[in-house]
Amino acid sequence: LFTAATHLWVAAVGDEELKAILLPLETQVGREVHRLTVELLGLDERDRDVRDAVRATLDLLRGLALANLLHDDTARRRKVLAHWARTLEAQLAPKRATQAD
C-alpha cells in the first residue's frame, strides 16, 4: 500500500486534478494515523511536545519507508529506529508520569 501511495503522490505533483483528490484523503489518513499513534502510546495529544514528537516519529517512519523503496538497508534502519525509540522514550516518559498523577 505504501508503494502504491507513493506512486500516487509522485503522479499528483504534475497532475492538479489528482492532487486535489489526494490532498483531503492524505489529510484524513494523516490525522487518523496520528490519533492512533497517540492512543497506542497512551499520550496526551493536547501537549505540544507530544504532538511534535509523534509528528517527528511518523515523518521518520515515512522517510525510512521511502529509502527502503530503492535500497534495503535493514541493519542501518534498525539502528536508526533503536536510537529514535530511546530518544522518544526519554522525551515522553516524564510526560506519561505527569499524566498518571
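Expressed to the nearest 0.5 Å, how far CG of Leu81 lies from CG of Leu88 amounts to 11.0 Å. Put simply, CG on Leu66 and CG on Leu61 are 11.0 Å apart, with the number rounded to the nearest 0.5 Å. Taken from CZ in Arg51 to OG1 in Thr37, the straight-line distance is 14.5 Å, to the nearest 0.5 Å.
Here the closest heavy-atom approach between residue Ala12 and residue Leu18 is recorded as N-CD2, 3.7 Å. Closest of all the heavy-atom pairs between Leu69 and Thr3 is CD2-OG1, 3.4 Å. In terms of heavy atoms, Val80 sits closest to Leu64 at CG1-CD1, 4.3 Å. Across all non-hydrogen atoms, the minimal contact from Trp84 to Ala56 is CZ2-CB, 4.0 Å.
Side-chain contact between Asp47 and Leu43 is absent, with no heavy-atom pair separated by less than 4.5 Å. Counting heavy atoms from C-beta outward, Asn68 and Asp73 have side chains that stay 4.5 Å or more apart. Side-chain contact between Thr87 and Gln91 is absent, with no heavy-atom pair separated by less than 4.5 Å. Counting only heavy atoms from C-beta outward, the side chains of Leu58 and His34 approach each other to under 4.5 Å. Counting only heavy atoms from C-beta outward, the side chains of Arg86 and Glu89 never approach each other to under 4.5 Å. Under the 4.5 Å side-chain criterion, counting only non-hydrogen atoms from C-beta, Leu60 is not in contact with Thr57.
Applying the salt bridge (Lys or Arg N to Asp or Glu O under 4.0 Å) criterion to Arg77, with sequence neighbours excluded, gives Asp72. Every residue two or more places apart in sequence or in another chain that forms a side chain to side chain donor-acceptor pair (under 3.5 Å) with Glu39 is listed here: Arg35.
Under the 4.5 Å side-chain heavy-atom criterion for ILVMFWY residues, no single connected hydrophobic cluster contains both Leu23 and Leu8.
Under 4.0 Å is where a charged nitrogen must lie from a carboxylate oxygen, and between Glu26 and Arg62 at least one such pair does.
No more than 12 heavy atoms of other residues, nucleotides or ligands lie within 6.0 Å of CD in Glu17, so this atom counts as exposed by the packing criterion.
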